[in-house]
Amino acid sequence: MNRASTPVTLTLPDGKQRSFPGPVTGAELAAAIGPGLAKAAAVIRVDGKLRDLSAPIDRDADVAIITRDSPEALEVLRHDAAHVLAEAAKELYPDVQVTFGPATESGFYYDFARDEPFTPEDLAKLEARMHEIVERDEPITREVWSRDDAVAFFKSIGETYKAEWIGEIPADEEISIYKQGRFVDLCTGPHLPSTGKLGQAFKLTKVAGAYWRGDARNAQLQRVYGTAWANAKDLDRYLLMLEEAEKRDHRRLGRELDLFHQQEEAVGSVFWHPKGWTLWRIIENYLRRRLDEEGYVEVRTPQLLDRSLWEASGHWEKFRENMFIAQSADERVLALKPMNCPGHVQIFRQGLKSYRDLPLRIAEFGSCHRNEPSGALHGIMRVRAFTQDDAHIFCTEDQVTAESIAFCNLLRSVYRDFGFEDVAVKFSDRPAVRAGTDAIWDKAEAGLKAAVEAARLPYTMNPGEGAFYGPKLEFVLRDAIGRDWQCGTLQLDFVLPERLDASYIGEDGQRHRPVMLHRAIFGSMERFIAILIEQHAGKFPLWLAPVQLVIATITSDADDYARRVFAAAEAAGLRAQLDLANEKINYKVREHSLAKIPVMLVLGKREAENGTVALRRLGGKEQEILELDDAIARLTAESAGPCG
RNA sequence: GCCGACGUAGCUCAGGGGUAGAGCAACUGAUUCGUAAUCAGUAGGUCCGCGGUUCAAAUCCGCGCGUCGGCACCA
């Protein structure tokens, strides 16, 4: 290579330029700028793309040295951690095959093929060996190999998964190989210059099974998860955050706050306790009012429906594995509804519908059963018996866009009322196998896109993931430890009206097919309440709190007055509890604070004599002395919630 | 459904072939107290279930069930 051939001018982020007589590496550039930078450098960004520090730059470019402590370097660092894990695994367990190991949002993982499972003790050994490999500070180098050489090499060392993978890399892509110590891996990079740069702020967290290439028909590999950070402080902060998140877990808070429970005899179902059910009713009634205002009509449809209807709708063919089937004494086969749509179509079909009836928005808090795989169950986030805040909007094609916009705005407003400002929205467009003409799909996708944009909801594309009958929007919320859950949805459906023969009489006097908009805001009441619990860590705002205030006495001399205060609170419609227990006020404050009751009215002799209350807010240090009527009026106003 | 871990009092957990343990909660009594734990006493168990090994199983083995963490699935 003739490195001196072409001069190279590099432009740094501050606009300064550096010229070199020929190709230059990031490491050389950093060294030219200063020894401090050379030491801190992790990778280099060249015209927007991250590259190894050792990669020669042979033409003019905008560049930036990325130091180890920058957010951009973190992903590279985590990817390195995955490689170090793989190297450790090969050293300790020569029989393992390494397959795939990327960085993740908070760390990394590596999938290994090995007959024997990794134990928690193995994890400790792997982690110790990783620390050694970092100590060794092995240089990480990149090479480009020919496809045949690479396949032959990986086959020769028994790495059949890697060999299989190389065979499927597109022909126009380079096969890049990274080496560190005796470890050789197929990888696109970029990587840090040496294992020492990784540092020691990492930790292996768990082992789990994972299918090769994410396909359940393939072999199951062992995935070792870890987390990695630029320094020990960040690592500690992350581990602490996980600990804190555990305390927000809806399953834990559900028990601690006496909201609900689940038990073996009803796997995947929820026993709602009085307090949990109070919360449910508040939320349901809130949404009911919102839907009333939006021109929905509410209905109730049967739980058990005859097989013939499910055959007509297509569920018997497409969804049967997930359905609970029941048989009556007269041998009829019925199924518990997994969805509400067919039932709503039956209501639509009663009587003749005119274009003047459209859009017809049929809503139901529909109780559904789906036989979900056992491994999918998760607290009340993923259950087998759940209630959808479901509705189907029957409309003309021309009404689709306006209805979609109205729905997005409603959803956004509802989410805001519950404290969810940043909702991830996924737009799933036409799948390869689909029903309906391209013209209809064009229209449907354009309508949905207009809706999500008009509602000013940022969204990401989810290409090819739409339902076979139409595109869909998914509204995703996060739980306490960052897992995503789909809640709201909006789907366009051109198929079901056809299959279940729904029609209306148009202006022209002819029969037409309506379009069905399938939509939910919470998705499932159970899931939404679970997310809500985690979002608020059980400390609900006053309008949602199952118990809004506790009236607690300091001495029994105040008991009679406390009863009067309690009666006044109840008369005002507040959800109050009376605590006359023979305990010190410290104890009562602690007890009700742990129960996350938003407000305490503390009553002693002074309050009883003056007709006042000492109002204390959850977590607050201050107390406020108020006239009784004033306190009740204030709390009542505050309890009204976003919907009056 | 698959891989792994786990299952002991209401909760959190200890114990690990031979009387079932602690703290908190519960109950009873004393205490009347000013904003996050008053003191004393009492009661509480099919050690997830079924089978096996053993003189003896909560403990060891097998099979189920459930939960947890992932993977797959999620209209």
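Note on naming: letters A, B, ... go to the chains in the order of the sequence lines (proteins, then strands), and numbering restarts at 1 for each one.
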Would you mind telling me which residue lines up with the more 5' stretch of RNA chain B, R483(A) or F319(A), judged by nearest nucleotide?
R483(A)
More than 12 foreign heavy atoms under 6.0 Å from CD of Q263(A): is that the case here?
yes
Output the rounded distance in Å from CG (N462(A)) to P (rC74(B)).
12 Å
Span that lies between the P atom of rU28(B) and that of rA43(B), in whole angstrom
15 Å
Just by distance, with hydrogens left out, do T489(A) and Q491(A) show a side-chain donor and acceptor under 3.5 Å apart?
yes
note: D484(A), atom CG; rC74(B), atom C1'; distance rounded to Å ~ 14 Å
Which part of the nucleic acid, if any, lies within contact of G268(A), taking any heavy atom under 4.0 Å across all strands shown: a base, the sugar-phosphate backbone alone, or nothing?
nothing
Do the side chain of R382(A) and the base of rC74(B) come within less than 3.5 angstrom through a donor-acceptor pair of N or O atoms?
yes
The complete set of side chain to side chain donor-acceptor pair (under 3.5 Å) pairs with one or both residues in residues 592-605 of chain A, sequence neighbours excluded, reads D579(A)-H592(A)
Determine whether more than 12 heavy atoms belonging to other residues, nucleotides or ligands lie under 6.0 Å from atom CD of E321(A).
no
Run the salt-bridge test on R513(A) and D501(A) with the 4.0 Å N-O cut-off and return the result as yes or no.
yes
salt_bridge(R213(A), D215(A)) N-O dist < 4.0 Å
no
Does a side chain donor of either D111(A) or Y161(A) reach within less than 3.5 Å of an acceptor in the other side chain?
no
Could you tell me the separation between the CG atom of L377(A) and the P atom of rC65(B), rounded to a whole number of Å?
13 Å
Salt bridge (Lys or Arg N to Asp or Glu O under 4.0 Å) partners for D479(A), two or more places apart
R483(A)
Starting from P on rC73(B), measure out to CZ on R217(A) and report it in whole angstrom.
10 Å
Both distances below 3.5 Å, Watson-Crick or wobble geometry, any strand: find the nucleotide opposite rA58(B).
none
With rounding to whole Å, what would you report as the distance between rG21(B) and rA58(B) at their P atoms?
14 Å
Interatomic distance where NE2 belongs to H518(A) and P belongs to rC74(B) [whole Å]
15 Å
Would you jot down, in residue-number order, the residues of residues 239-248 of chain A having a non-hydrogen atom under 4.0 Å from RNA chain B?
none
Could you let me know what rG34(B) is paired to, Watson-Crick or G-U wobble, both distances under 3.5 Å, or none if it's on its own?
none
Watson-Crick or G-U counterpart of rC39(B), or none if no pair lies under 3.5 Å:
rG29(B)
I521(A) versus D389(A), closest heavy-atom pair with distance
N-OD2, 2.8 Å
Pick the P atom in rA14(B) and in rG7(B), then give their distance to the nearest Å.
8 Å
Syn or anti: how is rU19(B) classified when any glycosidic angle within 90° of 0 counts as syn?
syn
How far does the P atom of rA20(B) sit from the matching atom of rA57(B), given to the nearest Å?
13 Å
P gap between rC47(B) and rG51(B), integer Å:
14 Å
Name the pairing partner of rC47(B), where a pair is Watson-Crick or G-U wobble with both distances under 3.5 Å, or state none.
none
May I have the distance from Q263(A) (atom CD) to rC48(B) (atom P), rounded to whole angstrom?
17 Å
Heavy atoms of other groups near Q220(A) CD, more than 12 under 6.0 Å
yes
Applying side chain to side chain contact (heavy atoms under 4.5 Å, CB included) to W485(A) and H378(A), what does each step give before you reach the verdict?
CA-CA 11 Å; W485(A) 296 92; H378(A) 181 89; 3.7 Å; yes
Side-chain donor-acceptor pair present, T301(A), E364(A), cut-off under 3.5 Å
yes
Indicate, with a heavy-atom threshold strictly under 4.0 Å, whether R114(A) touches base, sugar-phosphate, or nothing.
nothing
Mind checking what makes ring pair (Phe, Tyr, Trp, His ring centres under 6.0 Å) contact with F394(A), not counting sequence neighbours?
F348(A)
Pairing partner of rA5(B) (Watson-Crick or G-U wobble, both distances under 3.5 Å)
rU67(B)
P atom, rC68(B) versus rU12(B): distance in rounded Å?
13 Å
Nearest whole angstrom, please: distance from the C1' of rG69(B) to the CE of M381(A).
15 Å
What string of B, S and - do you get for nucleotides 32-41 of chain B 5' to 3' if you count protein non-hydrogen atoms under 4.0 Å?
BBBBBBB---
Rounding to an integer number of Å, can you tell me how far H378(A) NE2 sits from rC74(B) P?
18 Å
With a 3.5 angstrom cut-off on both distances, give the Watson-Crick or G-U wobble partner of rA14(B), or none if there isn't one.
none
Using 4.0 Å as the upper bound for N to carboxylate O, is an ion pair formed by E591(A) and K588(A)?
no
Taking atom C1' in both rU8(B) and rG23(B), compute the distance separating them and give it to the nearest angstrom.
15 Å
List the protein contact pattern of nucleotides 1-13 of chain B with one symbol per nucleotide (5' to 3'): B for base contact, S for sugar-phosphate-only contact, - for none; contact means a heavy-atom distance under 4.0 Å.
BBBS------SS-
Which part of the nucleic acid, if any, lies within reach of E321(A) when heavy atoms closer than 4.0 Å are counted: base, sugar-phosphate only, or nothing?
nothing
Could you tell me how far rG69(B) sits from rA26(B) if I compare only their P atoms? Round to whole Å.
29 Å
